[in-house]
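Taking it in order: structure first as structure tokens, then the write-up.
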Amino acid sequence: MSQDPYELLGVGRDADGDAIKKAYRKLARQLHPDVNPDPESQERFKQVTAAYEVLSDPQKRAAYDRGGDPFGGGFGGQGAGFSFTDIMDAFFGGQGGGQGGGRGPRPRMRRGQDALIRIEVELAEAAFGVSRELKVDTAVRCTTCGGEGAAPGSHPVPCETCHGQGEVAHVQRSFLGEIRTLRPCAACRGFGTVIPDPCRECAGDGRVRSRRTLTVKIPAGVDNGTRVQLSEQGEVGPGGGPAGDLYVEIHVAPHEVFERHGNDLHCTVSVPMTAAALGTTIELPTLEADLPEGEDVQRSFDLQVPSGTQSGHQVLLRGLGVPGLRGGRGDLAVTVAVETPTRLDPRQEELLRELAAIRGEEQPSGDVRPAHKTVFGRLRDAFTH
Ligand SMILES: [Zn+2]
Ligand SMILES: [Zn+2]
């Protein structure tokens, strides 16, 4: 749409506000949809109105005169001080957005709404997938009337108030003269038909609430907030219209050992000071240990703790994390926490004092370093990088 608004209204570039208004009124009367209902006239009427919207607004007119796009905001934009969408609605009966307006009755049958249910799954179920039985409570098509809403043996009949049109005319006065507006018929709520004998099962709605059991397959790799879509398992629409979709939103329960970061798993294993000093091997469970018995999976692994392992030491085990929704698999990061012994008995204390004496550690001087080179700095780095 690149037409010149001056040409559209048939006025000169120097036309003043009154001349522009006069030209628009004249054209609007000619192109009024009740006078000229053909689509071409209606289209021209829209163009002329858009042109008037530009030229009647000093700012927009100046912007156009400077070479701007006159209809940059599209038809019926936010006209300053003068609502043209109101006029458009008055002429076109609220087409394009107004509910129930426009041409003809609105259908009784409409698509139903989507439904959402939330379920909680265990971390292993989210990681490896699971099938769940769900109890779903949604509207379903009424079997008594088949969705039509009329009692068996009867049917909807045309509305006498609007003669089946679904809308009735209202006349109002405006600066353009009398304007006829079509509004939804109150007697039939715009349907054009009434149900003289509504179905008793659904009270004429064509649908009833029902509880049913569904099996949903939750794919491997889902995370907190993932929504699994089940097509056409949502609410059946009014008049027995097609069902919306059902979304199952996943919430993953916290795990007592593993913490999930994306597709990686983190856990901490405590090792006695002596074992960390001497070195050892510890058998740890994998996330697969949570899966039902009988599945052939790796349920544990041996963590090597080399002699001299420091607290905060991290071991990365490739491929023992969570499978990705689109393939691949994350890692398992195990952090070693070295435990200092407490509640020493006399014999243990004696041995430790002897060890300290041999190592010359009876009176440590304290090895002061920047924070990032300490165990706690490394721990922090491990979790933030
Ligand atoms: Zn029914
Ligand atoms: Zn009616």
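Given the structure is predicted, the values throughout are model-derived calculations rather than measurements. In each ligand, atom 1 is the first atom listed, and ligand 1 is the first ligand listed.
For the pairing with E235, the salt bridge (charged side-chain N to carboxylate O under 4.0 Å, His left out) check across R110, R141, R209 returns one residue only, R209.
Put simply, the angle at the Zn ion (ligand 2) from SG in C185 to SG in C188 is close to 100°, to the nearest 10°. Taking the Zn ion (ligand 1) as the corner point, the angle from C142 atom SG to C199 atom SG is about 110° (rounded to 10 degrees).
Among the atoms of C159, an N, O or S atom falls under 2.8 Å from the Zn ion (ligand 2).
Panel note: side chain T193, backbone C159; no donor-acceptor pair is recorded below 3.5 Å. A donor-acceptor pair under 3.5 Å is absent between the side-chain atoms of T309 and the main chain of V305, judged by distance alone.
A parallel orientation is assigned to the rings of Y24 and Y52, their planes being inclined by less than 30° (bins at 30° and 60°).
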